[in-house]
Amino acid sequence: MEEGGATAKPRRATGRLCSTCNQRKAALKRPKTLEQICRECFYSVFEDEIHNVIMDNNLFKPGERVAVAASGGKDSTVLAYVMSELNRRHNYGLDLFLLSVDEGITGYRDDSLETVKRNEIEYGLPLKVVSYKDLYGWTMDEIVKTIGLKNNCTFCGVFRRQALDRGAALMKADKLVTGHNADDIAETVLLNILRGDIARLSRCTFITTGEDGPIPRCKPFKYTYEKEIVMYAYFKKLDYFSTECIYSPNAYRGFAREFIKDLERMRPRAILDIIRSGENFRTATSTKMPEQGTCERCGYISSQKLCKACLLLEGLNRGLPKLGIGRARGTNGLNKRVEQRNLRPERTGSSIESKQCGTLDF
Ligand code: SF4
């Protein structure tokens with residue numbers, strides 16, 4: 001177990017009184033502020049901070065139908081629980097439901113979906129599951145059998161993003177909420193700076209994205225630390241699934257994530273500071289941004305003739321899976337240069353919207 005990492009058990013406070021209520025014994029040290037705090041006060045500040053983020057950013061309107069992207073992992077389980085609590089407590093008036101994606105990974109997703117099904121009952125939120133098999137005609141098991149364990153997460157990430165949008169549209173949702181947390185967003189800011197990806201840098205700190213697309217996506221955990229999510233789930237004894245995907249690349253965390261964890265160890269505020277830096281970046285008006293259109297084939301939002309999912313699918317269906325990864329010749333009269341740019345793994349890979357790994361949650 002990683003020392004001080006997202007899976008580490010909460011560090012217990014030692015014999016002091018809670019710095020918030022000054023009455024009960026402190027039970028933990030808050031990772032975000034290093035305050036010694038009791039459980040009850042921790043629950044309150046954790047939930048109140050999320051409520052304030054929702055209110056300050058006008059994330060929802062009364063009567064909206066909101067899909068909670070649910071993988072059964074810690075982030076989305078806490079998100080489902082907290083959203084349903086806050087909705088009730090503060091009368092948001094939201095019609096919440098759980099939306100899960102079945103990638104078709106035997107021994108992994110089938111088990112984590114069982115967790116989501118238990119949450120459906122426990123939180124009283126209806127569940128809709130959309131599958132890769134139904135949407136694309138392929139399961140991840142079949143894809144991995146065809147392409148092996150290289151680039152599998154590129155397919156999975158691109159397909160998942162679209163599957164969530166399609167599921168939300170099918171269920172007539174007005175919004176989709178995902179469990180992306182502050183650590184994820186700080187990581188994306190760093191990656192986009194290192195890559196010089198101006199288009200993504202300018203939008204990766206937005207709390208709501210896709211307002212011009214089919215379903216706007218919101219991140220109520222934008223300022224919530226991963227370690228606090230783990231603590232909350234641990235103390236509340238929430239039922240979540242923490243096994244890693246059987247197709248997960250070993251080094252999925254990568255440099256940026258480790259770097260952020262190091263910074264956090266030295267200075268907990270570093271995560272928030274990186275997010276604030278990302279928010280304060282201004283893109284020069286002369287910078288050419290990709291124009292959003294729709295995919296010629298499926299109608300999904302795309303800045304190219306075909307969306308990424310259709311391009312990857314074309315490769316799979318033609319028995320040329322590498323086509324979708326941008327190493328092969330053009331397809332069906334597509335502009336080869338555009339296609340290859342569109343399909344370079346680094347461009348399809350690690351945007352926060354298509355988060356690479358199920359173990360990191362949606
Ligand atoms: Fe999909 Fe994540 Fe598994 Fe990769 S590690 S195949 S992205 S669930």
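One-based numbering, in listed order, for ligands and for the atoms of each.
C245 lies close to atom 3 (Fe) of ligand 1, since one of its N, O or S atoms is found at a distance under 2.8 Å. Coordination check, C153 versus atom 4 (Fe) of ligand 1: passed, since an N/O/S atom of the residue sits under 2.8 Å.
Minimum interatomic distance between T205 and K222 (heavy atoms only, all atoms of both residues): O-NZ, 2.6 Å. Minimum heavy-atom separation, K74 to I229: O-CG2, 4.0 Å.
The shell of residues lying under 4.0 angstrom from ligand 1, judged by heavy atoms, includes R160.
Counting only N and O atoms by type, the side chains of D141 and Y247 include a donor and acceptor under 3.5 Å apart.
Close contacts between ligand 1 and S248 involve ligand atoms 5 (S) [criterion: under 4.0 Å to a heavy atom]. The ligand atoms of ligand 1 that sit less than 4.0 angstrom from a heavy atom of N152 are 6 (S).
In this pair, H90 and Y92 present their aromatic rings parallel. The plane angle is below 30°, not in the 30 to 60° band.
Under the 6.0 Å distance and 45° angle rule, K128 does not count as a cation-pi partner of F97.
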